[in-house]
Structure formats: structure tokens, C-alpha cells
Amino acid sequence: MRHVARLLFICITVLRYGLDELALSSFRQRWVRLLVRVMTVGRRLDAPRGERLRMGLERLGPIFVKFGQVLSTRRDLLPADLADELAELQDNVPPFPAAQARALVEKAFGRPIDAIFESFEAEPVASASIAQVHFATLKGGREVAVKVLRPGMLAAIDDDLSLLRTLARWVERLSADGKRLKPREVVAEFDNYLHDELDLVREAANAAQLRRNMQGIELIIIPEMVWELCTQSVIVMERMKGVPISQTQRLRDAGVDIPKLARDGVTIFFTQVFRDGFFHADMHPGNIQVSIAPQTFGRYIALDFGIVGTLTEVDKEYLAQNFIAFFRRDYKRVAELHLESGWVPPNTRVDELEGAIRAVCEPHFDRPLKDISLGQVLLRLFQTSRRFNVEIQPQLVLLQKTLLNVEGLGRQLDPELDLWNTAKPFLENWMHQQIGWAGFVERLKKEAPRYVQLLPELPRLLHRTLQPHLAAEQRAFEALLGEQRRTNRLLRVLVYGGAGVVIGLLAALAVVRWS
């Protein structure tokens, strides 16, 4: 019944804000146009369509707001008015009252807010779908940012996820692509990431890990956490001062090298993905700023670490080989990798898959990013995968989303950026480190502590391992020896008995002859 009530609420919201008209307006079939006219009879939709879409998504809740945030980075796929309004969802969701925020902070820390902070700004500096942020000053003068989880988020998200699970089961049963698309696994992945985002201590831990990983690269700044003031519902971190990356003109006026900034973004993304296997997976413009302070001028500032992606060594190596094969236009190798990974049925013909991938990718090489839509490439690859029954990998859904975000940021910063040539040297160097002599030495260094511990124990472990085999061999030998002894006794009986019989016969013959 709860699902029915939620579906009813969704339908009412869609009709109230005219989202059905937006969704069906691109269809050219006559019956669809007729349906739109019938459904709009008696409704007054005075507000612009972009505003109606944004308000409708806000009304539907955090999962739909997340969807709008992803869409807002794809200006190549959306009209400008829709993209501008959806950009408001990145950090401008209507906030909850300041008094409620203060009460939540006091409840989390168990003491009055004035006992913790010298000052606490009532007006939030940013308000998103999951939490909002207030600037404050600690006792002692340190400037910090306080992130407060929205109340009631867990129940709202659980209801929507329960509905999504039901829809995923129906898709799996009724759709011919249900098994290949793995909708239940994808929803399960989304479930994990959203619940991780509701635990702010986990977000603080993610930030600390990213901060350690990126220390050697002077391209990005990640705020330091104030661990004694971090709880599941409230966290306190170092205050960051930067210019939102969406304010390109302001960055130019400050003297920031915009093309370099775009290239640095690609380097940061591929470093996190392929070197560390741990990457910021919510890189929409609302979470990215640029420092214009003299000491850190031109560096990225990353915010909001509720969603991070992880990749295994197998995933990283497979993806890197795929990217390099794409950059080298070695479509046969791409097809072979799909077969080796088990993503396509084993009876798939390599030459057919190679030709299909070439037809999708070849038209997009040697062109600047402004002339390439990765969204369109992914759409065509999806159509190709459907033909060859390629199974969707749920663990890579976040990576695909983040790659779209990175492309959206790159498109806004420098439309002339060549994504392929920017990423290719990095990936080739990474593969050399992984597969070449340098990679072998590095892996040997990592495993050396384990080898040092195992070497003194090796004789004992070897004896323990071989002892059952030696005992079995000993038992087999003893059994064989016993069998040989029994055989020898039988042979002696036969020999002595035979000899006795022969002697007896000879004696009988002698008696007969002499008689």
C-alpha cells in the first residue's frame, strides 16, 4: 500500500508540474501528441518548463534531485533553459530552517552550540538534497564548515528505493533485456551509495582517504576533517575558500588558465580511477571550486564526499586496456577484451563485435570535445551491446556517471579539449607501470613484508604441507611391503611344496624300479 501511495504521489506531482508534457513532447507519433493534448486539458502551466521541471524534482525527493543533478551537467543533451534550472539543484535546494539546523547540531554533540562555536552562521552557504552547510568559527578562531544532514532523509530514501526494487523486479520479468541490464543489481548499488551518503562519518573517512591519496599531486585541495566534531548526522571540516567552477568568467578575470584547468581535471579523474581505484563519484559543478589564493592558485577544491567509487585491480586493468585499445583504434582488442571478461556470450564472433564497435567509435576521433557527445557515443554503444547481449556491470555504473560529469565539466571549461589525447599518455604510463619491469619491482616491494615473515617459517610450513603426503606414501609403502611378504611366503610354500612333491615322485619311481 505504501508503494501505491508513493506512485499516486508521483503521478499527481507529474501532472501538477506538467512533467508528462516535457517527457512526451519529443515523440512524433500522432497518438502520443493526442494523448498530451488530452492530459493538458484544464491545466494551466504558466511557469517556464525549466522551472516546472526543477520544482517537480524537488517535490519528488532526494533520489529525483540526484537525477536532476546528473542531467544538469549534460548541456549537450538538454536545451539551455532546462540545464540552467537543473543547475540550481546542485547546491541551491530549498534549505530547512536555521533553528532546526542548530537543534540538530546540539543534539549531535550533546551540548549547546555556543559551547562549541565562537560563531555559527544561521544562513546556509549551500543546500543540497541530502544535507546543508553552514559556516562557523570554532573556539580559538579556526574557520570551519558544518554539514548537517536533512531530517527524515532515511525514511524518504528507503521508501523510494523499495519502490525502485519492485519496478526492477518487474523490468527483469517482463523486459527482454531484463537479465542483461541487471536492474536489481543496479538498484542495489544505488542503495549502497545512498545509504553511505546518509552516514556523514563515512563521508569524512572518504575525504581523509582522498586527501592522503592526492597529497603528492599539486592539482587538488581536499578539506581536513575535525574528527572530534564528526558524527553520523553532523560533521565539521576545514573551511574552503574558492570560486565555483561554473563561474568561468570570474575565473578568467582572476587569471586562471582555463584550458590547463580542464586538462588538470582529466588528470585528477584518471589518477583517482586507475592509480588509486578510489574516486570522487559526485563531481557535478556544485561540488567543485577553484582556489584563487596565492599559495594554491588554480587548484581544484573538491567538496561533498558522500559518494565515492572503488575499483578492484581486475576492473582497473580491464578498463585501462579498453581505453588504450580505443585510443589506438584497436577495435579487435576491445572485442577480445569483452570476450575475455565474460561480458558477452562465448560464442560471439570477434570480427562482428569488432565491426560494430568500430562503427560507433571511429566517427568521433580527431575531433575536439565540443564536436563529440560522449552521451551519444554511450547511447550507440548501448544499442550495440543490446545486439550482442553484453551484460551491464553494476560495479561500473558509478564510473560511467562520473565520466559523464567529467565530460560535462570539460565541455564547460574548454570546448576544444581533446579528451582522448589528454588521457592516452596517462593510461599508457599507468599500464607500463603495471605490466612492465617497474610494475614488477613495485609489486615486489609491496609483497616484501609478507615474504620476510614467511621465509623463516617456510621449512615448517613445507614440512606441514608435505607431512600428509609423506605419511600416505609411507602407508602405501608399508602396505606394498606387507603384500610382498605375503607373496614371498606363498612362493616359498609353493616352491617347498613343489620340491617335496618332486622328491616324493622320484622316491616312488626309485622304489618301483628297484623292486
Side-chain angles (χ1 to χ4, degrees), residues 54 68-70 72-75 80 83-93 95 121 123-129 131-137 142-147 203 207 210-211 214-215 217-225 236-269 271-272 279-307 369-370 402 404-417 422:
R54 175 181 57 79
Q69 289 173 349
V70 174
S72 69
T73 66
R74 301 315 315 275
R75 290 180 174 269
D84 290 340
E85 281 291 336
L86 290 179
E88 295 293 315
L89 297 174
Q90 293 167 4
D91 57 359
N92 200 25
V93 177
E121 295 184 11
E123 189 70 22
V125 67
S127 180
S129 57
Q132 66 187 37
V133 178
H134 297 257
F135 284 153
T137 304
R142 184 181 183 185
E143 293 182 326
V144 294
V146 183
K147 186 169 186 176
E203 175 177 346
L210 284 169
R211 182 181 170 89
M214 304 305 291
Q215 272 184 340
I217 299 180
E218 302 296 324
L219 299 177
I220 187 170
I221 306 169
I222 295 170
E224 182 182 5
M225 296 292 138
V236 178
M237 69 193 80
E238 174 188 5
R239 178 176 173 177
M240 295 284 100
K241 296 180 180 180
V243 177
I245 200 168
S246 57
Q247 298 181 12
T248 311
Q249 190 56 49
R250 185 178 167 190
L251 293 173
R252 286 196 180 94
D253 294 342
V256 176
D257 186 342
I258 299 298
K260 179 181 182 299
L261 193 65
R263 294 192 301 272
D264 288 348
V266 175
T267 300
I268 291 168
F269 170 71
T271 299
Q272 291 182 356
F279 60 94
H280 191 309
D282 202 13
M283 294 178 65
H284 61 75
N287 290 337
I288 304 294
Q289 296 179 357
V290 179
S291 173
I292 56 175
Q295 302 88 346
T296 56
F297 185 80
R299 295 187 195 176
Y300 281 85
I301 298 174
L303 304 170
D304 194 348
F305 310 97
I307 301 179
L369 189 58
K370 68 176 182 178
T402 308
L404 291 178
N405 284 342
V406 169
E407 187 210 12
L409 285 173
R411 190 182 298 277
Q412 290 180 26
L413 292 172
D414 182 15
E416 301 294 334
L417 174 68
T422 304

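Just so you know, residue 1 is the first one in the sequence shown, and it goes up from there.
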*Which atom pair, heavy atoms only, marks the closest approach of Ala254 to Phe297?*
O-CZ, 3.4 Å

*Check Asn287 against Asp282 and note the closest heavy-atom contact, atom names and distance.*
ND2-O, 2.8 Å

*Which atom of Ser127 lies closest to which atom of Gln132, heavy atoms considered*: OG-OE1, 3.7 Å

_Gap between atom CD1 of Ile220 and atom CD1 of Ile288 - 0.5 Å precision_ = 6.0 Å

_Closest non-hydrogen atom pair, Ala302 against His280_ = CB-CD2, 4.1 Å

*asked:* Evaluate Arg142 against Arg239 for side chain to side chain contact (heavy atoms under 4.5 Å, CB included), listing each step before the verdict.
replied: CA-CA 9 Å; Arg142 184 181 183 185; Arg239 178 176 173 177; over 6 Å; no

*Contact check, side chains of Asp304 and Glu203, non-hydrogen atoms, under 4.5 Å*: yes

*Does the Glu121 side chain pair with the main chain of His134, one donor and one acceptor, at a distance under 3.5 Å?*
no

*List the atom of Leu303, the atom of Gln289, and the distance in Å for their closest heavy-atom pair.*
CD1-NE2, 3.8 Å

*Which residue pairs pass the salt bridge (charged side-chain N to carboxylate O under 4.0 Å, His left out) test with at least one member in residues 242-263, sequence neighbours excluded?*
Lys260-Asp264

*Is the backbone of Ser291 close enough, under 3.5 Å, to the side chain of Thr296 for a donor and an acceptor to pair up by distance?*
no

*If you look at every heavy atom in Leu251 and Val290, which pair is closest and at what distance?*
CD2-CB, 3.7 Å

_Test item: Tyr300 side-chain N/O and Ile222 main-chain N/O as donor-acceptor pair under 3.5 Å_ = no

*Drop me the distance from Arg211's CZ to Glu238's CD, to the nearest 0.5 angstrom.*
6.0 Å

*State which residues pass side chain to side chain contact (heavy atoms under 4.5 Å, CB included) with Ala262; sequence neighbours excluded, sorted by chain then number.*
Leu413, Asp414, Leu417

